[in-house]
Amino acid sequence: VQLQASGGGLVQPGGSLRLSCAASGFLSRINAMNWYRQAPGKQRELVAGITSAGTTNYADSVKGRFTISRDNAKNTVSLQMNTLKPEDTAVYYCNAAGSTLSFWGRGTLVTVSS
């Protein structure tokens, strides 16, 4: 499975960004698609996830601000990020998780700053 993330950049506090991740390969092994992030000096954390059935989950810190979605026909997963805060600054990683396997894309940097 290969994952290609895009959409990061610099945004002012209160602004919005949309991250996208295109997946290719043996996707039948994938149960869930996730977005993680890692801020400088911090551990990587789960931001949001969506299962093949469409069930979503979010970190408490982003609930109500971020929305994860997937397009099964296009094999893409997106993360709409609204009302961004400086503490959302991090490298964001797309992840594809199977029952025993986990795949990672290259990260995309999101910087929230005035």
Side-chain angles (χ1 to χ4, degrees):
V1 174
Q2 293 80 45
L3 304 171
Q4 182 65 48
S6 61
L10 173 64
V11 64
Q12 292 187 342
S16 299
L17 277 177
R18 186 177 182 86
L19 305 182
S20 294
C21 177
S24 60
F26 291 101
L27 301 180
S28 60
R29 297 186 284 179
I30 301 305
N31 298 324
M33 297 290 293
N34 306 295
W35 285 99
Y36 284 75
R37 68 185 180 188
Q38 187 166 18
K42 295 187 176 181
Q43 289 187 333
R44 191 172 297 187
E45 63 174 351
L46 177 65
V47 176
I50 185 167
T51 69
S52 55
T55 302
T56 59
N57 65 286
Y58 297 92
D60 287 343
S61 59
V62 306
K63 282 181 181 177
R65 299 189 297 122
F66 291 11
T67 303
I68 189 170
S69 60
R70 65 190 295 168
D71 185 331
N72 291 329
K74 296 182 179 179
N75 295 326
T76 59
V77 61
S78 297
L79 185 69
Q80 178 65 41
M81 305 185 294
N82 298 327
T83 319
L84 283 160
K85 304 175 181 180
E87 51 263 44
D88 294 317
T89 295
V91 177
Y92 284 71
Y93 297 90
C94 181
N95 167 264
S99 56
T100 58
L101 299 172
S102 185
F103 303 91
W104 295 90
R106 288 187 176 182
T108 184
L109 177 62
V110 172
T111 303
V112 185
S113 175
S114 55

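Just so you know, these numbers use all the heavy atoms, side chains as well, and skip hydrogens, waters and symmetry mates.
For the salt bridge (Lys or Arg N to Asp or Glu O under 4.0 Å) test, residues two or more places apart in sequence or in another chain that qualify with Arg65 are Asp88. Under the rule for a side-chain hydrogen bond (donor to acceptor under 3.5 Å, both in side chains), Thr100 has no partner lying at least two apart in sequence or in another chain. Residues passing the ring pair (Phe, Tyr, Trp, His ring centres under 6.0 Å) test with Tyr36 are Trp104, sequence neighbours excluded. Here Lys63 pairs with Asp60 under the salt bridge (Lys or Arg N to Asp or Glu O under 4.0 Å) rule; sequence neighbours left out. The side-chain hydrogen bond (donor to acceptor under 3.5 Å, both in side chains) test applied to Asn34 returns Asn95, not counting sequence neighbours.
Listed by first then second residue, pairs satisfying disulfide bond (SG atoms under 2.5 Å apart) with a partner in residues 6-100 read Cys21-Cys94, not counting sequence neighbours. Note on residues 42-96: no pairs pass ring pair (Phe, Tyr, Trp, His ring centres under 6.0 Å), not counting sequence neighbours. Legend: salt bridge (Lys or Arg N to Asp or Glu O under 4.0 Å) pairs involving residues 38-47, not counting sequence neighbours, sorted by first then second residue: Arg37-Glu45. Note on residues 51-80: no pairs pass disulfide bond (SG atoms under 2.5 Å apart), not counting sequence neighbours. Under the disulfide bond (SG atoms under 2.5 Å apart) criterion, no residue pair touches residues 30-75, with sequence neighbours excluded.
More than 12 heavy-atom neighbours from other residues, nucleotides or ligands sit within 6.0 angstrom of CZ on Arg29. Heavy atoms from other residues, nucleotides or ligands lying under 6.0 Å from CD of Gln43 number 12 at most. Heavy atoms from other residues, nucleotides or ligands lying under 6.0 Å from CD of Gln4 number 12 at most.
Closest of all the heavy-atom pairs between Ser69 and Val77 is O-CG2, 3.1 Å. Of all heavy-atom pairs spanning Gly98 and Asn31, the tightest one is C-ND2, 3.6 Å. Smallest separation of non-hydrogen atoms from Ala23 and Met33: CB-CE, 4.3 Å. The shortest heavy-atom contact between Thr108 and Gly8 is OG1-N, 3.1 Å.
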Would you tabulate the side-chain donor-acceptor contacts of residues 11-20 under 3.5 Å, counting partners in other chains and residues two or more places apart, or write 'none'?
from	atom 1	to	atom 2	distance (Å)
Ser16	OG	Asn82	OD1	2.9
Arg18	NH1	Gln80	OE1	3.1

Which side-chain N or O atoms in residues 46-53 pair as donor and acceptor under 3.5 Å with protein atoms at least two apart or in another chain?
from	atom 1	to	atom 2	distance (Å)
Thr51	OG1	Ala53	N	3.2
Thr51	OG1	Gly54	N	3.3
Thr51	OG1	Thr55	N	3.1

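Distance CG/Leu109 to OG1/Thr89: 8.0 Å, rounded to 0.5 Å. Note that CG of Leu10 and OG1 of Thr111 are 6.0 Å apart. Values are rounded to the nearest 0.5 Å.
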